[in-house]
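So the structure is just underneath, and the comments pick up after that.
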Amino acid sequence: MPMKKTRHLLPALASLASATLLAAATACGAGSSMQENPDDYPSKELDWTIAFGPGGGNDIMSRTIVDILNQEELYPADIVVENREGGSGAKGWGHLYSNSGDPYTISTTSGSFITTPLQADTGWMPGDFTHIGLFATDDTLFVTPGSSDITTWEDWVQHAEDEGKVSVGGIGTVNVDYIIQAALAEQAGYEIEYVPFNEEGQLQTALSSGSLDGIVSNPGSIMGQVESGDVNALLFTGQERLKALPDVPTGEEQGYDDLVSMPRGLILPPDAPDYAREWWIETMREVVETDAWQEYLDKNYLTADVRWGDDFTSYLDTTGTRFEKQLKEQGAL
Amino acid sequence: MDIFANLVNGIIGVLSPTTLLFLGVGVLVGMFVGAIPGLGASAGLAILLPLTFGLEPTTAIVMLAAVYYGAMYGNTITAVLINTPGDSAGVPATLEGHPLAKQGRAGPALVVAAIASFIAGTVAVVLLTITAPLMAGVASSFGPPELFLLVVIGLLTLIVLVGRNWLRGLLSVLIGFAIGTVGIDVGGGAQRYTFGSTELINGIHFIPVAIGLFGLGEVLWTLYRGGHRDGASPMRLNRRSGPFWPSRQEWRQARSPIARGTPLGFVLGVIPGAGATVASLISYSVEKGLSKRPQRFGKGAIEGMAGPESANNAAATGAMVPLLTLGIPGSASTAVLLGGFLMWGLQPGPLLMTQEPEFAWGLISSMYLGNVMLLLVSVFCIPLFAAVTRTPFRTLGPLVILLCAFGTFAVNGSVVEVGIMFACGVLGFFMRMYGLAPAATVIALVLGPIAEETLRQTLLLDGGMTLFVQRTPSLVMLFVMALVLCLPLLGTPLKRTAARVAGPSRRAGAAADAEAAEAEEDGGPESVRRQEASGGG
């Protein structure tokens, strides 16, 4: 594989040799792009930032795309993939932001792309970047313990109403999980106590130990337990039913809206040249048509949702406003 | 029988020359990565995981499992030689390992650690093979109330760790708690002490603090005491010479701690969250409590290293139980492995072992072989590493500072973390000067936020505080907590019984150290009185 994997060791070595190297390197990157002929783009090494650690949803998507670009020989030069994790994505996207105008720096988005600037002073907003396109959304499954006799969404709503108040869990507070739990409870008319967790493992054992009545989880990480019957899947928040779970209804079918999802898309730094944006839109159109991409969507239970350029910008805009509004209503911001 | 057929198939699958090569490379790479301060098992795995994208899953997991083990041992090497633990579970081993190295017994300390790791690792894999479904039940019964109690038990053992200086110990723990409050509050989403910096929103990590307090703090302290004027220690070290192998007495002292630490580590390692750290802390306090001469602890007691080291390694294997049987990551390292499963296109979950037997049993088999490989590699490499103790401080000191900065930066590529590391180095120096306990600080830093999070989760749940006495698993934890609290009281009578049973010959051996024997006599009647008092009340 021609992909180079350096991660932090090499940059760290470099920093040992010279502390100024990083600054110099970024300066070069930005400077060299200025005098390029648009017809020659792309011709240089691409710096691909993953704003999260290896093995996460964002990481797997980036590596899949890079793999397809290499397999299909769509990108003529080398692609250097680096995990710049930290600050819930603030660091990776901050790196992109500091390389304004550079068409050779690129990154992928996820839910934190919208939520992190809402809760911390990142210095940038999602709208600042050059948006290439959205390819898919990552939605969640609502599950209850397999040992309980709640096996349908109607059972759950009934149970919740009988109990008066139910304990539900998810990851984080300023996050998709909380918005979904709150939106479901409000629209179905039951009361919840939302218990936030930091880690998926502890969230899942809280459910299995009987501490929580129900949780929302990413299909990729909970599907194994759905298949084995350890948990009951009641509702899927995506637009269409999951192929793997044709009997589980979607939130939309139940008449709920505002069920947000994580945008899986691609962005360039702010003020990136138009020719670079156009090149990436054309190239990614080919990528999302490949079998490898389809296989990736199926294996990771993503919903295909393709929007290019300005459509992606307006999507981010409305999603961001919705996130902010709901989090403010619920007092999380 | 099914288990053994599967296991044999797994081993046969792994025994190809290519896979063995990956196994050997993995162990070696893991060991060297782990030997860089800051780069522990989870960082090592995260660095190497992208390399396996597109590899065949079984080959990939064999190599990563080997890296996992190798890095665990690499951590021990830095813990012993330059006093820097790689993760919170490695802290107790540092307390005894480094003093041993300073006495010129780095070789024996590393050999005992390697053998403790080997025994604990192998026994734990056997336990994993046989009891995985049963232990999966233990893991899935741990909700927030139980996790909170487990963490409190871990914090209680700090009483034993800090010893008599309880006021300074308390201060050290409070410093740790204070550092632990930085970051986004998971309960409400508010920022605490981040000063708007995105670098701090996920809190201050263990790594820069531990490297600063231990590694850099030690260097500054040695400078202060004039260590740079000393020449190289005259110790000689090779595999044939005496000082390389542990003495017969050291073997004897290490035996029972390993036997106790292994099952303890395995069982607690299964619990997602803080299992490994609490296991090695409990092991340390148990060994100190049972020791005939507890005053040797902190000055290089081999049993205080063998116990926690085996608990730590057994816990690393225990953490594989929820990963394989439930698809739930129990530790930072297994979370990276879980990411790997997804990356290789596997569906983690309860059905993994039946749907992908070749992969699951390949992983388990590679753990057996990985342990053997690690023992072989480490025995060959120990003289090389132990040579560090022959290096004069004026050469070693600056190198350690460089390594500390490099290691801290390499984990997250963050300059702010390097700054935190240096600040903690200065803090560590003053903590040494005023007799505070850096070990208690880093443990509190790790356990404090988990305790806060799980307590708040428990309070949010229906039932609140009463949940602690309503749930069976949490009652078990309360019982264990009572046991830990009573251990110092029970310790002495137990020891006296043991001494009586063992007869006069062992007694004479123990009495060789006059000071120790005296202290024991002193301690005896007093604690008997205490026992009576508590019995009467």
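Chain A is the first sequence line, chain B the second, and so forth, proteins listed ahead of strands; every chain is numbered from 1.
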What option among Gly86(A), Ser88(A), Gly57(A) has the most heavy-atom pairs under 4.5 Å with chain B?
Ser88(A)
Pair Asp462(B) + Lys165(A): basic N to acidic O under 4.0 Å:
no
If you tally heavy-atom pairs under 4.5 Å between each of Ser167(A), Ala90(A), Pro196(A) and chain B, the highest tally belongs to Pro196(A)
Under 4.5 Å heavy-atom distance to chain A, tell me which part of Ile184(B) shows up: side chain, backbone, both or neither.
side chain
Chi angles and distances behind the side-chain hydrogen bond (donor to acceptor under 3.5 Å, both in side chains) call for Ser209(A), Glu146(B):
CA-CA 10 Å; Ser209(A) 73; Glu146(B) 289 77 25; 4.8 Å; no
Greatest number of non-hydrogen atom pairs under 4.5 angstrom with chain B, of Gly172(A), Ser228(A), Gly123(A), Gly169(A), falls to Ser228(A)
Measure the shortest side-chain to side-chain distance between Leu212(A) and Phe197(A) over non-hydrogen atoms and say whether it is less than 4.5 angstrom.
yes
Can you say whether Arg456(B) sits under 4.5 Å from chain A via the side chain, the backbone, both, or neither, judging by heavy atoms?
neither
Per-residue contact mode, Glu200(A) against chain B (heavy atom under 4.5 angstrom):
neither
Bottom line for Glu417(B): the part with an atom under 4.5 Å from chain A's heavy atoms is neither
State whether a side-chain donor-acceptor pair under 3.5 Å links Gln347(B) with Gln355(B).
no
Within the 3.5 Å criterion, strictly below it, is a donor on Arg192(B) or Thr181(B) matched to an acceptor on the partner's side chain?
no
Counting heavy-atom pairs under 4.5 Å to chain A, which of Gly340(B), Ala335(B), Gly339(B), Gly349(B) comes out on top?
Gly339(B)
Heavy-atom distance under 4.5 Å to chain B: side chain of Thr64(A), backbone, both or neither?
both
Beyond-backbone contact of Ser211(A) with Pro145(B), side-chain heavy atoms, under 4.5 angstrom
yes
Answer yes or no: is there a side-chain heavy-atom contact under 4.5 Å between His95(A) and Glu82(A)?
no
So, do Gln202(A) and Ile328(B) sit near enough that their side-chain heavy atoms are less than 4.5 Å apart?
no
Exercise: do Ser62(A) and Thr108(A) side chains pair donor with acceptor under 3.5 Å
yes
Portion of Gln191(B) that has a non-hydrogen atom of chain A nearer than 4.5 angstrom:
side chain
Checking Asp59(A) against chain B: side chain, backbone, both or neither under 4.5 Å from a heavy atom?
side chain
Counting only non-hydrogen atoms closer than 4.5 Å, does Asp230(A) touch chain B with its backbone (N, CA, C, O), its side chain (CB onward), both, or neither?
side chain
The interface call for Leu338(B) against chain A, heavy-atom contacts under 4.5 Å, is neither
Which bit of Leu49(B) comes within less than 4.5 Å of chain A, counting heavy atoms only: side chain, backbone, both or neither?
side chain
